[in-house]
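First up is the structure itself, then whatever we jot down about it.
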Amino acid sequence: MEPLQLKQAFKEIFDTEPMLVKSPGRINIIGEHTDYNGGLVMPAAINKAVYVAISKREDSKIHLFSESYQEKYIGNINDVKKSDKAWANYILGVVDGFLKRNLSVAGFNLYIYGDVPLGAGLSSSAAIECATAFALAQLNELSVASMDLALIAQKAEHEFAGVNCGIMDQFASVFGKENYAMMLDCRSLAHEYIPLKLDGYKLVLLNTNVKHSLSDSAYNDRRAQCEQGVAWVKAYHPAVEFLRDVSEEMLLTHVQPKNNETYTKCSFVVAEIERVKKAAKALKEGDLKALGHLMFETHEGLSKAYEVSCKELDFLVDQVKGLDDVLGARMMGGGFGGCTINIVKDEAIEGLIETVSKAYQEQFGLSLSAYVVQTGNGSQTIEPTGIVSTLQHSNF
Ligand code: GLA
């Protein structure tokens with residue numbers, strides 16, 4: 001949907017002029033399940049996004065319309081609560097976050113549309129939350145730091161969607177920059193933009209088109225295991241706050257004797273944080289082979305130690321392992337479905353997609369979707385003409 005069409009669609013329903021905002025989905029090159037452990041991640045925003053058209057109302061009502069679900073939701077600023085519509089909850093959670101921070105929000109009309117594939121591990125929900133947060137701040141002329149918008153969006157995910165996620169997705173959706181990956185320190189929230197120079201190669205996402213239903217509870221469960229590991233270490237090392245502060249030796253001494261499974265999970269995270277540092281070095285030096293190798297290692301860990309992969313994701317990684325044209329591959333995001341991310345030689349992309357799609361179809365009777373990644377910018381307002389004005393991160 002073009003910006004002009006979005007504006008028209010909004011006007012047809014709400015009979016007034018909207019302001020337009022967009023927030024992208026994200027990929028993650030490396031650093032999985034490290035964000036909620038105060039660790040490092042390396043995401044980038046993509047050119048698929050959630051678009052929001054919004055206008056103020058005279059009353060305190062909240063009128064929402066979802067293009068994808070062709071559904072309306074009506075609520076009130078003075079009584080924001082969870083609804084039975086999942087898509088509306090991401091928006092309502094953000095409104096609630098503004099109000100809890102005493103940021104005053106007027107009643108509003110909001111039309112939402114997106115082209116981030118759902119359930120693909122590309123953070124469509126973070127994109128909804130960030131688009132809403134950015135739109136509400138603009139509409140109500142509130143001066144809220146960009147990082148606070150991301151934090152409000154993250155809290156919405158915790159409280160209105162029930163997933164205790166880290167900050168990676170919302171951060172990437174707000175702060176993304178075309179042609180760059182970002183290395184974010186999830187403890188200090190400091191970040192560095194790293195040029196995504198993949199000369200002769202591209203990032204290709206292979207979408208399993210499955211999302212196993214246990215994913216949300218398993219995610220929260222992994223987070224709890226990490227926190228348990230930290231608590232056991234902290235009893236002997238009081239300065240320890242996150243797995244970020246923990247070494248493999250500490251885990252061997254204080255966690256493994258208590259619970260081997262908790263140890264294995266924590267050990268993966270500690271190793272993964274180190275891999276992000278190595279990956280940043282490799283990317284800066286243009287050593288794509290080393291980067292790819294680290295990605296394979298990450299997959300192995302996510303699959304065997306952290307146990308958040310699934311047979312479909314493992315199959316896709318196995319298919320490309322050992323091919324000269326594929327430097328690295330791994331499952332991406334929370335797990336239990338969604339996409340693998342692959343570094344593939346330009347000339348080989350088409351053939352690879354064809355071969356793997358065929359094998360995947362034969363193995364699971366499912367069709368595969370493939371996307372060649374294009375990076376994009378973070379949250380921004382858009383003119384109906386399509387001109388964008390990128391968020392100024394002045395307060396960061
Ligand atoms: C999901 C969460 C993120 C992050 C990843 C795993 O995408 O929303 O916060 O934890 O999983 O790296």
Side-chain angles (χ1 to χ4, degrees), residues 23-46 50 86 89-90 93 116-130 147 150-176 181-187 189 191 205 207 211-212 214-227 242-244 265-266 268-273 275-276 279 294-295 297-299 301-303 305-310 313 330-341:
S23 284
R26 64 105 190 90
I27 53 163
N28 185 24
I29 295 176
I30 200 157
E32 222 62 91
H33 289 273
T34 49
D35 59 353
Y36 53 83
N37 288 301
L40 303 170
V41 290
M42 205 196 287
I46 55 173
V50 163
N89 282 337
Y90 298 119
V116 186
L118 300 176
L122 298 175
S123 297
S124 54
S125 60
I128 301 177
E129 292 149 2
C130 292
M147 193 54 89
L151 290 166
I152 290 172
Q154 179 197 21
K155 203 144 194 256
E157 186 85 29
H158 290 185
E159 295 182 357
F160 277 63
V163 181
N164 292 327
C165 65
I167 189 64
M168 170 168 74
D169 306 347
Q170 292 78 7
F171 165 83
S173 188
V174 171
F175 285 88
M182 296 163 285
M183 183 159 72
L184 170 70
D185 179 327
C186 299
R187 182 168 53 188
L189 298 181
H191 61 276
L205 304 180
N207 187 354
K211 185 174 195 287
H212 296 293
L214 66 155
S215 58
D216 288 358
S217 61
Y219 183 94
N220 292 343
D221 183 58
R222 292 298 178 283
R223 187 172 179 153
Q225 283 176 298
C226 293
E227 284 165 3
F242 294 106
L243 281 181
R244 170 75 177 278
K265 301 285 180 280
C266 293
F268 162 77
V269 172
V270 169
E272 180 71 355
I273 294 171
R275 271 192 289 272
V276 181
L294 291 162
M295 287 166 68
E297 271 182 28
T298 291
H299 184 78
L302 287 167
S303 177
Y306 213 63
E307 296 181 292
V308 290
S309 187
C310 59
L313 288 166
R330 65 177 196 82
M331 58 148 279
M332 189 181 74
F336 303 103
C339 294
T340 61
I341 178 168

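Given the structure is predicted, the values throughout are model-derived calculations rather than measurements. Both counts, for ligands and for their atoms, begin at 1 and track the order of listing.
Between Gly338 and Asn207, the shortest heavy-atom distance links the atoms O-OD1, 3.5 Å. Heavy atoms only, all atoms of each residue included: Cys165 and Tyr219 are closest at CA-OH, 3.3 Å. Nearest heavy atom pair, residue Ala126 against residue Asp169, reads CB-CB, 3.5 Å. When all heavy atoms are compared, the tightest approach of Val269 to Thr34 is O-CG2, 4.2 Å.
When only interatomic distances are considered, the shortest N/O to N/O separation between Asn28 and ligand 1 does not fall below 3.5 Å. On a distance-only criterion, Ile167 and ligand 1 share no N/O pair closer than 3.5 Å. Considering backbone and side-chain atoms together, Tyr36 places no N or O closer than 3.5 Å to any N or O of ligand 1. When only interatomic distances are considered, the shortest N/O to N/O separation between Gly166 and ligand 1 falls below 3.5 Å.
Checked for salt-bridge contact, Glu307 and Lys265 meet the test: a charged N lies under 4.0 Å from a carboxylate O.
The closest donor-acceptor contact from the side chain of His191 to the backbone of Met183 lies at 3.5 Å or more, if one exists at all.
Counting heavy atoms from C-beta on, the side chains of Asn37 and Arg244 never come closer than 4.5 Å. Considering only heavy atoms from C-beta on, Phe171 comes within 4.5 Å of Met182 through its side chain.
Scanning the protein for heavy atoms near atom 1 (C) of ligand 1, the closest one is Asp169 OD2, 3.7 Å. Given atom 10 (O) of ligand 1, the protein heavy atom at minimum distance is Tyr219 OH, 2.5 Å. Nearest non-hydrogen protein atom to atom 9 (O) of ligand 1 is Asp35 OD2, 2.5 Å.
Of all the atoms in ligand 1, the ones that sit under 4.0 Å from a non-hydrogen atom of Cys165 are 2 (C), 8 (O), 9 (O). Residue-ligand proximity, Met168 to ligand 1, at heavy-atom distances under 4.0 Å covers atoms 4 (C), 5 (C), 12 (O). Within ligand 1, counting atoms from 1 as listed, the ones closer than 4.0 Å to a heavy atom of Gly333 are 6 (C), 11 (O). The contact set between ligand 1 and Arg26, taken as ligand atoms under 4.0 Å from a residue heavy atom, comprises 7 (O).
Of all the heavy atoms of Gln154, none lies under 4.0 Å from any atom of ligand 1, so neither backbone nor side chain is involved.
Arg223 does not count as a contact of ligand 1, since none of its heavy atoms falls under 4.0 Å from the ligand.
Ring geometry for Tyr36 versus His33: interplanar angle over 60°, hence perpendicular rather than tilted (30 to 60°).
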